[in-house]
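Below you'll find the structure, written out as structure tokens, and then a few comments.
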Amino acid sequence: MENVFKYFEFSDFFKDESGSFSGNEICFTDLNETHFLIFEKEDSIYNLYVSKFSNKKEVGQKRRKF
């Protein structure tokens, strides 16, 4: 997994403060200005999401848009 994170330039993992990802650790990379690929790490399981936010500063800080 580490190679995937590096190759696609994912951020470092950090704690979700928004509640969108249950307070688990997440990392993300940009698809465009408002859409992001987000990996949620829950114990040893990784869940992948495509989510929309107004900008990258909101990822993990504000509730995601559906």
Side-chain angles (χ1 to χ4, degrees):
M1 287 301 291
E2 293 301 319
N3 289 337
V4 171
F5 299 140
K6 288 179 187 176
Y7 183 82
F8 291 103
E9 299 179 359
F10 276 82
S11 68
D12 292 333
F13 275 93
F14 61 95
K15 183 176 171 49
D16 168 47
E17 300 293 337
S18 69
S20 294
F21 303 97
S22 304
N24 292 318
E25 289 190 333
I26 60 172
C27 69
F28 71 94
T29 193
D30 309 32
L31 291 175
N32 59 38
E33 289 181 6
T34 58
H35 291 86
F36 303 88
L37 278 179
I38 301 172
F39 270 108
E40 172 192 29
K41 184 167 71 171
E42 187 174 1
D43 298 321
S44 61
I45 298 171
Y46 293 90
N47 299 305
L48 179 62
Y49 302 93
V50 175
S51 294
K52 182 177 181 180
F53 291 90
S54 296
N55 59 61
K56 71 167 93 181
K57 292 179 182 179
E58 291 186 356
V59 178
Q61 302 301 314
K62 294 192 175 185
R63 298 289 288 178
R64 63 185 169 173
K65 297 179 179 181
F66 294 95

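Numbers for residues simply follow the sequence, beginning at 1.
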Closest approach of K57 and Q61, non-hydrogen atoms and distance? O-CG, 3.5 Å

Could you go through residues 38-48 and list every donor-acceptor pair under 3.5 Å that involves a side-chain atom there, pairing it with any protein atom two or more places apart or in another chain?
from	atom 1	to	atom 2	distance (Å)
E40	OE1	N47	ND2	3.2
E40	OE1	Y49	OH	2.8
E40	OE2	N24	ND2	2.8
K41	NZ	E25	OE1	3.4

Could you tell me whether D12 atom CG has more than 12 heavy atoms of other residues or ligands within 6.0 Å of it? no

Side-chain contact test, heavy atoms from C-beta onward, threshold under 4.5 Å: evaluate it for I26 versus V59 and give yes or no. yes

Do T34 side-chain atoms and K52 backbone N/O form a donor-acceptor pair below 3.5 Å? no

Side chains of F5 and C27 in contact at under 4.5 Å (non-hydrogen atoms): yes

Under the side-chain contact (heavy atoms from CB on, under 4.5 Å) criterion, do F53 and F28 qualify, and how do the steps go? CA-CA 12 Å; F53 291 90; F28 71 94; over 6 Å; no

Looking only at heavy atoms, which two atoms of L37 and F10 are closest? And how far apart? O-CE2, 3.5 Å

Looking only at heavy atoms, what is the nearest atom pair of F21 and S51, with distance? CZ-OG, 4.2 Å

Smallest heavy-atom separation, D16 atom then S18 atom, equals OD1-OG, 2.5 Å

d(F36 CZ, E58 CD) to nearest 0.5 Å is 8.5 Å

